[in-house]
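First comes the structure, then the notes that go with it.
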Protein chains: 2
Amino acid sequence: MLHLAGHSTTESVQIADIAEGANVPRKFLEQILVELKRRGLVHSVRGRHGGYLLGREPKAISFAEIIRIIDGPLALSPCASRTAYRRCEDCVDETTCAIRKSLVDVRNSTARILEQHSLADALADRRKIKPGA
Amino acid sequence: MLHLAGHSTTESVQIADIAEGANVPRKFLEQILVELKRRGLVHSVRGRHGGYLLGREPKAISFAEIIRIIDGPLALSPCASRTAYRRCEDCVDETTCAIRKSLVDVRNSTARILEQHSLADALADRRKIKPGA
DNA sequence: ACAATCTCTACTGAGTCAATAGAGATTATA
DNA sequence: TATAATCTCTATTGACTCAGTAGAGATTGT
């Protein structure tokens with residue numbers, strides 16, 4: 001995603017280029033991109049000079065969103081998740097579960113941090129440190 | 001652990017009792033307890049009237065410590081972990097990795113929250129809500 | 001027509017997780 | 001001393017996930 005963010009929002013980049021830049025197998029990257037596409041974070045251009053490009057401006061794509069798609073919900077337990085809530089099977093009483101309270105705290109702070117960081121921020125950081133690259 | 005914290009620090013509780021209270025298979029619980037013992041969080045008493053008891057006072061056992069033993073490192077990626085640091089294999093330059101910065105932020109906030117919560121806190125919470133239980 | 005690319009589905013191998021199984025060591029008690 | 005109750009240890013299972021592989025099919029530029 002950082003690689004794509006480094007290019008314009010109008011010209012597409014080919015899988016092979018991204019794979020080389022990110023140092024991951026092409027076919028493996030493909031599966032991730034298909035999923036990202038399904039969720040609207042990237043668009044694809046088919047055919048001869050096809051490729052991928054960001055679906056929105058870099059500043060409108062948060063780390064939280066990407067991580068949720070690739071790694072699943074942020075919460076440590078489904079019962080503490082907001083986007084993928086699921087009650088624990090053997091939970092006796094959720095409202096008095098002292099463990100869940102902490103897990104919800106953790107989820108909230110994690111979500112806050114990851115939602116504040118966008119691709120644009122990451123790109124700016126990188127440029128700040130390595131102006132030449 | 002909450003079950004154990006509910007008992008005195010001197011008398012042991014049998015696996016079967018904890019298993020029933022926590023609604024998990026006895027043999028499965030056993031493996032967790034053995035690991036917790038290896039790390040010093042609980043002690044065991046062998047033989048006829050054996051069982052388990054907390055290795056320290058409830059207020060000296062944090063959620064962070066328990067979760068690290070049962071679930072592994074808190075960080076989302078090994079490169080952001082303090083207790084189990086490991087460099088990413090295909091990392092080009094760790095100091096300029098914009099993703100890692102966010103992951104370290106998340107780890108730190110997670111660790112702060114989970115280290116502040118102890119078994120004693122959880123026990124107090126539970127009693128506050130359900131004074132009779 | 002053809003070549004380059006994305007698209008889709010299925011598969012593999014290693015690893016993890018919850019759970020099971022059983023033999024062995026330790027201790028209280030009769 | 002024998003026995004029963006308990007923890008201890010190691011191995012194994014089955015379902016699942018994760019990274020990666022494979023190949024046929026659809027789409028588009030030339």
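Protein chains get the first letters and strands the later ones, always in sequence-line order, with residue 1 at the start of each. Below, all heavy atoms of this structure are taken into account, side chains as well, without hydrogens, waters or symmetry copies.
- The NE2-C1' distance, from A:H43 to C:dT5, rounds to 18 Å in whole Å.
- The separation between B:L36 atom CG and D:dC7 atom P is 14 Å, rounded to whole Å.
- The number of heavy-atom neighbours closer than 6.0 Å to CD of A:E57, taken from other residues, nucleotides and ligands shown, is 12 or below.
- At whole-Å resolution of the value, CD in B:E35 and P in D:dC9 are 11 Å apart.
- Across B:L36, B:I15, B:L29, B:L41, a single residue satisfies side chain to side chain contact (heavy atoms under 4.5 Å, CB included) together with B:Y52, and that is B:I15.
- The shortest distance between the side-chain N/O atoms of B:K37 and the OP1/OP2 oxygens of D:dC7 is not below 4.0 Å.
- B:I15 comes within contact range of the sugar-phosphate backbone alone, with a heavy-atom separation under 4.0 Å but no base atom that close.
- One atom, CG of A:L33, and another, C1' of C:dC8, lie 14 Å apart when rounded to the nearest Å.
- Taken residue by residue, residues 67-83 of chain A places no heavy atom nearer than 4.0 Å to DNA chain D.
- A salt bridge between B:E65 and B:R56 is present, with a side-chain N of the basic residue lying under 4.0 Å from a carboxylate O of the acidic one.
- Separating the CD1 atom of B:I18 from the P atom of D:dT6 is a distance of 13 Å, rounded to the nearest angstrom.
- In this structure, B:E115 pairs ionically with B:R68, as a charged nitrogen and a carboxylate oxygen lie closer than 4.0 Å.
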Verify side-chain contact (heavy atoms from CB on, under 4.5 Å) between B:L119 and B:L54, making sure each step is shown before the conclusion.
CA-CA 10 Å; B:L119 283 183; B:L54 246 43; 4.1 Å; yes
Protein within reach of the bases, or only the backbone? For nucleotides 20-30 of chain D, mark each nucleotide 5' to 3' as B, S or -, using heavy atoms under 4.0 Å.
BBBB---BBBS
Pair A:M1-A:I61, side-chain contact (heavy atoms from CB on, under 4.5 Å): steps then yes or no
CA-CA 9 Å; A:M1 292 299 275; A:I61 301 182; 4.3 Å; yes
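- The separation between B:I32 atom CD1 and D:dC9 atom P is 17 Å, rounded to whole Å.
- The backbone N or O of A:C79 lies less than 3.5 Å from a partner atom in the side chain of A:R100, making a donor-acceptor pair.
- A donor-acceptor contact closer than 3.5 angstrom links the side chains of A:S44 and A:K37.
- Membership of the apolar cluster around B:L53 extends to B:V45, as traced through chained side-chain contacts below 4.5 Å between ILVMFWY residues.
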